[in-house]
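Take a look at the structure below.
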Amino acid sequence: MLSPMITPPTKLQTLIMRSLILIGVASMIFLWYELLRPVHIGYPPLYWLLLFALVLLCGKVLHEWTYYFSISVPETPEDPPEFTVDVLTTFVAGEPYEMIEETLTAIKNIRYPHETYLCDEADDPRLKAFCAKLGIHHVTREKKINAKAGNINNALQQATGEICLVLDPDHVPQPDFLDHIIPHFADERIGFVQTVQAYENIHETLISKGAAQQTFQFYGPMMMTMNSYGTVQAIGANCTFRRKALDSIGGHAAGLAEDMHTAMQLHAKGWKSVYVPRVLARGLVPSTLSAYYKQQLKWSRGVFELLFTTYPRIFRKLTWPQRLYYGVLPGYYFLSTAYFLNLLIPVIALFSGHMPMRMDLVEFVLIGLPLFVSGLAIRQYAQNWVMEERERGLHTVGGLLLIGTWWIHLMGLIFAILRRKVPYDPTPKDNQEANNWPLNIPNLIAIGVSLAAVIYGMNTHPNIYYAMMSSLALLNISILSFTVLASRQASWRRVIDSRRSLRLLDHRIRQVRRAVWLFNHRIFALIRKTAFPLVALISIGAVWFLQDWPTYRFQLIKDKAVQQWVREEYQHNPVLQPGSELDTRPADAAPLSILRTAQVLYPGDIAVFSAVEPRAGRWALADTTHYDRLDWFLLRLGSEPEEYRFAKMGSGLWAGIEVPGQMDNFRVLLKATRKGERPVIVAKPLRTPFPKEQEQSLLTPAPTAPSPD
């Protein structure tokens, strides 16, 4: 199927994209401003671990946004000179014959004049005969060094073309492949031209679907923006090199990430690169867990090795955009550290009883909502420049599979640090896999530990903070369970196929999924059309609502006198304990009390509270000459005294306080200070029904006391 060229964004589209990104950055700054407020700090070690994980996640988001900021499509030069071209592909023993024969046939059918080379590591007799039949150069070697790079370099000793196209054996090119690539070499500064890596077997399994989804944004708007930054990356397949450029660095660079290594060396030599956003070949993506994990381990180990070894040596030779790109790119695999911490933190919190943060659930949602909506809208808007309609969406399967690969990427990092070698084996191209249960052990352990933590935590501390940590742990369990179930797809497909009732149910489910997919894509299309006003309205609304949210205005208690009083009273005075509505102590137990006219209160009402003291057996307004200050606070309760917060409500004999929602979790607190003496502090619930005689006593206050009204 021929693929059209992606058109570049218009000026308006570029303006919208950049505006969305700026709103997203502002939302991220707002999130961090709130997270760093002392009022939200829980148990410091867990709090800082959580923030470290969030730094990595936000860094990944910013990196992605950077590569949406300047999307561009190169113009194809007209009347380019003619070049001699060599097209190379490779073969390793064990790869399917049908696959390589299909690829070789398609290469021969490329219209632009060229010579075809098969770099055969197996020196296979069948392929020798096949190559002789089609007029293909069959090249092999005895000294097998540097894996794929060495295999290609060996063939380059015989090839003489000015241009060299390297294809993976599973990538089948279209007849017009070179017609869209060769013109760009008219610019003598161009060292290589990369095009899209697309896949034929996306829907073969959940693993193949997830692995493909992880590439859609990269081969779409992100690589297109690399045209603007001069950082276009060479990929192992579908990359066309100027032979002079390859010779300038001694041929194809070796390593587990030989494509990235080659691009780094070429950029360090000053060669330019171009990305052509057009699908000109289709290949195979890993369709089993073992194949996917093998590929990810090889890539992560190779990329970290380049960061530790090659990057420092060539740093000065790169442009600043290239320095930033090659320095930050390994962060994609280092993000596994954040995924691991996201698994670890709720487990530690639920077992230890220490919470990383103290934040109201609604407050947390409002603080994070602008960033979430911005991220969703930016990603959806960027999908105007993915290759095909089927590449649009949330890419949920890809995201879940990536998180389930946390331990593989961590192994790649550890192996790179320890210099432990990983064999360069080609990614398996078939859908055959032996028992993969051992590959699921790390995720199964994480699932078991998380489940135990949820059960223990909710049985020992059933409160809102533990509920939030339990929800996070259950989310982690669901994500990892998906990876396990996806890896066993072949097994449960056999069970479904063995029963007619299950086949009918599966058919119905597929119909529902198709309907949901169509509905979602209509919603995503609407989001792409209304992205800017949607993000602006929701972000402004969330911030406005947050400012009006009662608990948002509350701070940790820093007043030492109030802190000490809360700790002391918590053990003896039920009024300071969540769920209590009555102060059971005698009314004359304190020299000062709080009174309001009895009425039914509703959230949003303004209730007037007065400072009163016993005088001649009756309640009267407090004598202000006895105190230097009378300060009113609204106290918000927590599960422990250390979690209590308050907000200043004013000073004087009385205070008008707006009744918050969930009023049972709040108390009115009065602090009376007198120079040289310990402050007098009292608190009352908002719902407390006052005795009738107290109400009547204020109807006829002492002549010397001013009225609270």
Checklist entry - Does any N or O in the side chain of Tyr112 come within less than 3.5 Å of the main-chain N or O of Ile182, such that one atom is a donor and the other an acceptor? => result no

Checklist entry - Regarding Thr337 and Trp406, is there a side-chain donor-to-acceptor distance under 3.5 Å anywhere? => result no

Checklist outcome for this item: Taken in chain and number order and not counting sequence neighbours, the residues that satisfy ring pair (Phe, Tyr, Trp, His ring centres under 6.0 Å) with His261 are none

Next on the checklist: Tell me which one of Leu401, Leu439, Leu402, Ile403 satisfies side-chain contact (heavy atoms from CB on, under 4.5 Å) with Thr483.
Outcome noted: Leu401

Next on the checklist: For the aromatic rings, using the six-membered ring if either is Trp, is the centroid distance between Phe304 and Trp299 under 6.0 Å?
Outcome noted: no

Checklist entry - Which residues satisfy the side-chain hydrogen bond (donor to acceptor under 3.5 Å, both in side chains) test with Asn154, sequence neighbours excluded? => result none

Checklist entry - Does the cation-pi check pass for Arg488 over Trp492, that is, NZ or CZ under 6.0 Å from the six-membered ring centre and within 45° of its axis? => result no

Checklist entry - Relative to each other, are the rings of Tyr333 and His409 parallel, tilted or perpendicular (30° and 60° limits)? => result perpendicular

Checklist entry - Do His114 and Phe177 have ring centres separated by under 6.0 Å? => result no

Item to check | Pair Thr89-Thr103, side-chain donor/acceptor within less than 3.5 Å | outcome: no

Next on the checklist: Angle between ring planes, His267 versus Tyr326, binned at 30° and 60°: parallel, tilted or perpendicular?
Outcome noted: tilted

Checklist entry - Between Ser208 and Ser287, is any side-chain donor less than 3.5 angstrom from a side-chain acceptor? => result no

Item to check | Side-chain donor or acceptor of Tyr292 paired with backbone N/O of Val285 under 3.5 Å | outcome: no

Next on the checklist: When you compare the side chain of His137 with that of Cys131, does any pair of heavy atoms fall below 4.5 Å?
Outcome noted: no

Item to check | Rounded distance (nearest 0.5 Å) linking atom CD of Glu95 with atom CG of Leu127 | outcome: 10.0 Å

Checklist entry - Cationic tip of Arg528 within the cone over Tyr381's six-membered ring, i.e. under 6.0 Å and within 45° of the normal? => result no

Checklist entry - How about Trp517 and His521: are their ring centres within less than 6.0 Å of each other? => result yes

Item to check | Under 3.5 Å: donor-acceptor pair, side chain of Asp86, backbone of Gly161 | outcome: yes

Checklist entry - Can you say whether the rings of His252 and Phe241 are parallel (under 30°), tilted (30 to 60°) or perpendicular (over 60°)? => result perpendicular

Checklist entry - Is there a donor-acceptor contact under 3.5 Å linking the side chains of Gln217 and Tyr68? => result yes

Next on the checklist: Quick check against the 3.5 Å criterion: does Thr195 have a side-chain atom that pairs as donor or acceptor with the backbone of Asn238?
Outcome noted: no

